[in-house]
There are 2 protein chains.
Amino acid sequence: MDQLFQYFNKFNPLDQEAMQAIEAISRIITIKKNQDLQPIGHTCKTIYFIKKGMARIYYYKDGIDITDSFAFENKIIVRVESLFTGKPSRKAIQAMEDSEIIAIDAAKLFKLYDRYPGIERLFRKIFEASHVETVNRIEGIQFHSAEERYKALLSEAPDIIKRVPLKYIASYLGITPVSLSRIRGQR
Amino acid sequence: MDQLFQYFNKFNPLDQEAMQAIEAISRIITIKKNQDLQPIGHTCKTIYFIKKGMARIYYYKDGIDITDSFAFENKIIVRVESLFTGKPSRKAIQAMEDSEIIAIDAAKLFKLYDRYPGIERLFRKIFEASHVETVNRIEGIQFHSAEERYKALLSEAPDIIKRVPLKYIASYLGITPVSLSRIRGQR
DNA sequence: CTGATTATTTATCTTATGATAAGAGAATAG
DNA sequence: CTATTCTCTTATCATAAGATAAATAATCAG
């Protein structure tokens with residue numbers, strides 16, 4: 001749990017009582033590579049923190065597996081469009097390596113917001129940061145070529161190609177695996 | 001101000017005192033068509049609510065004017081990536097019609113969060129909703145053709161073509177004005 | 001109202017990426 | 001270890017969108 005609270009400290013430090021309250025609604029999950037943490041069609045009721053390993057959010061478009069996003073160690077992974085709307089998500093969360101994940105019960109967390117304003121503030125800030133990332137990503141997708149996006153990804157997360165099959169990177173970049181291979185090849 | 005509080009009610013109703021506190025840090029701006037509400041390079045310190053008229057967020061990429069987003073009546077418009085990071089924004093906000101806009105001082109607003117948890121909660125929910133929109137937009141950009149995106153925009157905001165020059169819609173859709181014209185022409 | 005500016009369309013040519021297919025290379029189960 | 005399956009690359013052809021230029025159409029300032 002320490003690892004989680006260290007992550008929290010970067011956004012909004014909590015007092016002992018608040019930390020205990022969060023600990024009480026969390027549990028540690030171990031999950032094998034390629035298993036779904038949350039299936040498609042499920043309403044998001046959990047906030048996940050990756051202690052060890054990695055995961056991705058994916059969905060199917062016209063029968064094709066599309067990676068929406070990746071999350072590595074010490075990151076939160078959540079299907080925002082379901083968590084904040086209460087609607088079922090068309091996306092799933094899948095472990096991409098054997099992983100240890102802290103699962104925080106979202107309904108219980110939201111209830112804590114009334115008693116612990118520091119917790120509400122913490123998660124507000126966490127999601128604000130992720131909101132900013134999302135806004136910036138739009139610019140990247142819309143106005144950079146696939147090649148530029150691939151190179152940008154490499155410099156942001158150089159180890160990603162060692163840990164993630166290229167086909168998942170391709171759909172994350174919005175291109176086919178064939179195109180990604182072509183981009184990688186020309187050199 | 002009524003119009004603003006009605007908008008707030010859809011997210012988290014405020015008590016009288018909280019409403020007055022917000023009113024005290026807000027002012028109404030009237031602005032002419034094509035004027036900048038906020039220039040490029042400025043750090044976002046204001047949250048705008050469009051009472052009447054409309055606005056867009058834009059920036060320059062390689063010297064070309066790119067529209068990031070539009071906002072119509074009864075919507076908030078904000079450069080999230082600057083407001084939440086405190087960094088200067090490469091984007092500007094421009095009125096696209098003669099407009100009346102409520103400007104809420106962000107620094108003062110954030111100070112109100114401590115005394116009025118309802119206000120913190122209100123804005124948390126407002127930005128959560130905008131976060132969800134942003135996440136969904138990524139999917140639209142990445143996995144739909146320009147033609148599909150144009151048609152989707154038309155059905156979401158049918159009057160947009162009457163109010164917004166096509167060149168702005170084109171860059172919002174991530175294509176050139178020439179391409180948009182071609183898409184519109186084929187029919 | 002009129003000329004000047006700005007926005008939109010149309011045409012031509014180029015290019016990046018998609019679709020498909022086939023083969024090479026890795027990973028995995030038994 | 002071997003066979004099967006999965007992943008990646010390479011090649012070919014098709015297509016959507018970019019770049020550029022030029023012609024209309026619409027808007028705006030005086």
Side-chain angles (χ1 to χ4, degrees), chain A residues 32-36 53-54 56 58 60-67 70 94-98 138-154 159-187, chain B residues 31-36 53-54 56 58 60-67 70 94-99 138-154 159-187:
Chain A
K32 289 263 172 237
K33 181 173 179 173
N34 292 330
Q35 281 196 316
D36 274 2
M54 62 169 300
R56 68 176 183 128
Y58 73 96
Y60 289 98
K61 161 152 176 88
D62 303 333
I64 293 164
D65 176 317
I66 305 285
T67 295
F70 297 107
Q94 178 189 45
M96 305 207 57
E97 299 173 353
D98 294 355
I138 287 189
E139 208 184 309
I141 294 172
Q142 204 147 8
F143 299 108
H144 292 100
S145 67
E147 184 175 354
E148 288 169 325
R149 279 176 271 148
Y150 175 64
K151 285 181 178 160
L153 180 67
L154 281 192
D159 55 331
I160 199 169
I161 26 170
K162 289 170 213 139
R163 296 176 74 178
V164 178
L166 289 171
K167 60 174 182 166
Y168 296 143
I169 294 176
S171 68
Y172 173 75
L173 294 172
I175 56 179
T176 60
V178 175
S179 274
L180 178 57
S181 181
R182 182 158 39 196
I183 286 166
R184 285 160 50 81
Q186 83 197 191
R187 193 180 328 126
Chain B
I31 184 166
K32 289 261 172 237
K33 181 173 178 174
N34 292 331
Q35 282 196 314
D36 273 5
M54 62 167 302
R56 67 177 184 127
Y58 72 97
Y60 289 98
K61 161 151 175 89
D62 304 333
I64 292 164
D65 175 317
I66 305 285
T67 296
F70 298 106
Q94 180 189 44
M96 304 207 59
E97 300 173 352
D98 295 354
S99 301
I138 288 189
E139 207 183 309
I141 294 172
Q142 205 147 8
F143 299 107
H144 295 280
S145 68
E147 185 175 353
E148 287 168 325
R149 280 176 269 147
Y150 174 64
K151 286 181 178 162
L153 180 66
L154 282 192
D159 55 331
I160 199 169
I161 24 169
K162 288 169 213 139
R163 296 177 73 178
V164 178
L166 290 170
K167 59 173 183 169
Y168 296 143
I169 294 176
S171 69
Y172 173 74
L173 293 172
I175 57 178
T176 59
V178 175
S179 274
L180 179 56
S181 180
R182 183 158 38 197
I183 286 166
R184 286 161 49 80
Q186 83 197 192
R187 195 179 327 125

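Reminder, nothing fancy here: chain letters follow the sequence lines and each chain counts from 1.
- In this structure, CD1 of A/Ile161 is placed 11 Å from P of D/dC8, rounded to the nearest angstrom.
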Let me have a per-nucleotide readout for nucleotides 22-30 of chain C, 5' to 3', with B, S or -, counting only protein heavy atoms under 4.0 Å. ---------

CA sep, side-chain torsions, deciding dist, call: B/Ile160, B/Tyr168, side-chain contact (heavy atoms from CB on, under 4.5 Å): CA-CA 10 Å; B/Ile160 199 169; B/Tyr168 296 143; over 6 Å; no

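- Remark: A/Phe143 engages no residue in a ring pair (Phe, Tyr, Trp, His ring centres under 6.0 Å) (not counting sequence neighbours).
- Partners of B/Phe70 by ring pair (Phe, Tyr, Trp, His ring centres under 6.0 Å), not counting sequence neighbours, listed by chain and number: B/Tyr172.
- Contacts of A/Asp98 classified as side chain to side chain donor-acceptor pair (under 3.5 Å), with partners at least two apart in sequence or in another chain: none.
- Heavy-atom neighbours of A/Lys151 NZ from other residues, nucleotides or ligands within 6.0 Å: at or below the threshold of 12.
- A/Ile175 contributes atom CD1, which lies 4.0 Å from atom CD1 of A/Ile183 (distance to the nearest 0.5 angstrom).
- Counting only heavy atoms from C-beta outward, the side chains of B/Pro165 and B/Met96 approach each other to under 4.5 Å.
- Nearest approach of B/Ile161 to B/Tyr150, heavy atoms of both residues: CG2-OH, 4.1 Å.
- The rotation axes computed at either terminus of the helix from C/dC1-D/dG30 to C/dG30-D/dC1 lie 60° apart, taking five pairs at each end and rounding to 10 degrees.
- In this entry the distance linking CG of A/Leu173 with C1' of D/dC8 reads 15 Å, nearest Å.
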Walk along nucleotides 4-18 of chain C from 5' to 3' and tag each nucleotide B, S or - by protein heavy-atom contact under 4.0 Å, base first, then sugar-phosphate. ---SSBBBB----BB

Full working for side-chain contact (heavy atoms from CB on, under 4.5 Å) between B/Val164 and B/Arg56: CA-CA 10 Å; B/Val164 178; B/Arg56 67 177 184 127; over 6 Å; no

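- The line from NZ of B/Lys32 to CD of B/Glu97 is 12.5 Å long, rounded to the nearest 0.5 Å.
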